[in-house]
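Taking it in order: structure first as structure tokens, then the write-up.
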Amino acid sequence: TQFIPGTEFDAKMKRVTRCYMLKSRRPQQAASVQFFADYEKSVGNYIVDIDGNALLDVYMQISSMPLGYNHPAVLRALADPVNQIAPPGLSHATTMMCGSCSNENAFKTIFIWYAEKRRNGAPFTKEEMESCMTNQVPGTPRFSILSFQGAFHGRTLGSLSTTHSKYIHKMDIPAFDWPTASFPAYKYPLNENVRENRQEDERCLAQVDELLEKYKTEKRMPVAGVIVEPIQAEGGDNHASPEFFQELQRITKKHGAALLIDEVQTGGGPTGKMWCYEHFDLDSPPDLVTFSKKMQLGGYYHVESLRPKQSYRVFNTWMGDPGKVILLEAVLETIRKENLLHRVTTVGDYTLKQLTSLQDEFSTIMNSTRGRGTFIAFNCVSSELRDAVIKKLLSKGIQVGGCGTAAIRLRPALTFTEQHADIFLDALRSVLKQQ
Ligand SMILES: Cc1ncc(COP(=O)(O)O)c(CNc2csc(C(=O)O)c2)c1O
């Protein structure tokens, strides 16, 4: 079909373009549109337009379609569950450079969403546009983010205001006066402390509910979002139950706040699932999930309702490091080919079982063995002893990390095997015997 002015086709295209512009109610720069494509019907070297006309495409989206349209290999890759790494229900992704800036920009996305809800579709007022230029209300709102004691979310100003794991991270740096709640501190073994730990969940959740209410009314700094790690890593590998997270989500919804789950350290497979929160069976998808570390580049996924209405509201020069996506593709391909999420689960179960036996044998030194997948930790009876055990393990050829006041944590690669676990466990046993 020739797109010649005055022809029937031209008239039709004008109707379609007008219709498109009316539907979207946002005048698009449509002058460059030559025809509307039906990408589902396009195949190989042929692009199909909305009338079903097949055109031989010798331009291929400015040379960006190496295999043409809907090549079976591409469709297979897109259909593969491992390549569907986005948290279920979170259809948007914004890439960033690191975990801190991912949380920073996730906060901004939350604040924009929260302000738009209050505006209820109205445009920015003159007062808002003028006041925000000098950081004053109403243009610069007094919104807040609730976080938890023991959390680590980054070292930039906003993320640092929600970080509460070591004083040295925060000393001398101004912070936002945002609410902080207690995160559950469980007694182990879990199966012998069910009632106490459930009471601990309830204590912390009641605090969250009270703070959300207090900051909305008394403090007049409404909480726009709640940020939480599915396992508090830097703070000491602090776990909370699926029931805690299910109820936390219900409380955030009750107060109209977004739920942001920080998977920077837990995401990318170390708990046996791509995302740790998938172990929690939440009522509905979280609103945002941040990632970095094992995902090679930083960023956050979010649900459709949090997409800013205006473009460029969340932006920076590089928007992350697109080159890192090449590394991520290789990682995902390997996770798929070698079934690494299954391996993480089986090797993690094995390691946890062996560590628990060691704990029984050396109960005067270690306790509270815990983990999901190979995201494992145990406590020593003191910080000093923990530091000494780490040092002695190093002298035996084992590089391991500490967190919190007295925890030793494992953060192995997804390719970690039972043979590697045995090497670690043998070295740990020999160190514990020397104590
Ligand atoms: C749960 C979680 N959220 C955000 C961050 C910040 O990521 P980066 O900005 O360091 O990439 C991290 C980074 N982890 C981290 C471990 S030690 C450390 C540090 O700055 O000392 C940072 C994280 O574990």
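Whatever order the structure lists ligands and atoms in, that order sets their numbers, starting from 1.
- Formation of a donor-acceptor pair under 3.5 Å by the D287 side chain with backbone atoms of H302 is not found in this model.
- For ligand 1, residues of the protein lying within 4.0 angstrom by heavy-atom distance are C98, G99, S100, N103, F152, H153, G154, R155, E229, E234, D262, V264, Q265, K293.
- In this structure, the side chain to side chain contact (heavy atoms under 4.5 Å, CB included) partners of T290, at least two apart in sequence or on a different chain, are S102, N103, A106, L260, D262, V264, Y300.
- Taking the six-membered ring for Trp and the full ring otherwise, Y277 and F280 have centroids separated by 6.0 Å or more.
- A salt bridge links E234 to R409: one of the charged nitrogens lies within less than 4.0 Å of a carboxylate oxygen.
- Every side chain to side chain contact (heavy atoms under 4.5 Å, CB included) that D283 has, sequence neighbours left out, goes to Q249, R250.
- Among residues at least two apart or in separate chains, side-chain hydrogen bond (donor to acceptor under 3.5 Å, both in side chains) pairs with a member in residues 131-152 are S147-H164.
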